[in-house]
Amino acid sequence: MESETTHLYDLKELDMALTENILKEVISALEEKGYHAMKQITGYLMSGDPGYISSYKNARRKICSIDRSQIIEFLLKRGLE
């Protein structure tokens, strides 16, 4: 008889993983287009203007799908670890 296992997931951890994946995809798309990804993302985070992010490979749509404060929280957490 197989036992059923209940998996508990931390929603915050899942959000952080999603944010990380999206940032990696956006950075990759920006770099492929020849942009300085960190400067473009910084511009977006500071101004809120999605025009800083290229629409190449849906990068703009992806980064706009998560709240800017969540991106900042993710970057701060990673930077302080």
Side-chain angles (χ1 to χ4, degrees):
M1 182 172 152
E2 290 183 37
S3 65
E4 291 186 32
T5 305
T6 301
H7 296 280
L8 297 177
Y9 296 99
D10 183 353
L11 188 55
K12 194 68 171 170
E13 286 181 32
L14 291 173
D15 283 344
M16 290 293 185
L18 176 63
T19 300
E20 181 175 17
N21 285 339
I22 288 173
L23 282 174
K24 284 180 178 180
E25 291 174 5
V26 169
I27 289 167
S28 176
L30 290 171
E31 288 175 346
E32 280 183 38
K33 287 298 280 183
Y35 294 109
H36 189 282
M38 292 304 118
K39 288 183 181 181
Q40 299 304 114
I41 292 171
T42 299
Y44 167 66
L45 292 174
M46 298 286 291
S47 70
D49 181 2
Y52 278 95
I53 308 299
S54 171
S55 60
Y56 179 68
K57 290 190 172 181
N58 292 315
R60 185 178 299 147
R61 181 188 58 77
K62 289 175 184 179
I63 203 164
C64 288
S65 72
I66 49 180
D67 191 76
R68 287 185 304 144
S69 63
Q70 187 173 336
I71 297 170
I72 293 168
E73 180 181 347
F74 170 81
L75 294 172
L76 282 171
K77 185 174 182 171
R78 287 296 166 102
L80 295 174
E81 287 181 345

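This chain uses plain numbering: 1 for the first residue, then up along the sequence.
At a threshold of 4.0 Å, the pair E32-K57 counts as salt-bridged, since one of the basic side-chain nitrogens sits closer than that to a carboxylate oxygen. For the pair K77 and E73, the salt-bridge criterion is not met [side-chain N within less than 4.0 Å of a carboxylate O].
Taking each heavy atom of S54 and Y35 in turn, the nearest pair found is CB-CE1, 3.9 Å. Nearest approach of I71 to T19, heavy atoms of both residues: CA-CG2, 4.2 Å. In this structure, A37 and I27 approach most closely via the heavy-atom pair CB-CG2, 3.9 Å. Of all the heavy atoms in A29 and Y56, the pair that sits closest is O-CD2, 3.5 Å.
Listed by chain and residue number, L45, L76 satisfy the side chain to side chain contact (heavy atoms under 4.5 Å, CB included) test with I72 (two or more places apart in sequence, or in another chain).
Not a single donor-acceptor pair under 3.5 Å links the side chain of S28 to the backbone N or O of E25. Side-chain atoms of Q40 never come within 3.5 Å of backbone atoms of I53 as a donor-acceptor pair (strictly under, hydrogens ignored).
Taking CG from L23 and CZ from R78, the interatomic distance works out to 10.0 Å, rounded to the nearest 0.5 Å. To the nearest 0.5 Å, atom CG of residue L11 and atom CE of residue M16 are 11.0 Å apart. In this structure, the separation between CE on M38 and CG on L75 is 8.0 Å, given to the nearest 0.5 Å. M46 CE to Y52 OH: the interatomic distance, rounded to the nearest 0.5 Å, is 9.0 Å. Within the model, atoms CG of D15 and CG of D10 stand 9.0 Å from one another, a figure rounded to the nearest 0.5 Å.
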Apply side-chain contact (heavy atoms from CB on, under 4.5 Å) to the pair L18 and L14, showing each step before the final yes or no.
-> CA-CA 6 Å; L18 176 63; L14 291 173; over 6 Å; no

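Under the 4.5 Å side-chain criterion, counting only non-hydrogen atoms from C-beta, R68 is in contact with Y44. A 4.5 Å side-chain heavy-atom check between S65 and I22 finds at least one atom pair inside the cut-off.
Counting non-hydrogen atoms of neighbouring residues, nucleotides and ligands closer than 6.0 angstrom, the CZ atom of F74 exceeds 12 such neighbours.
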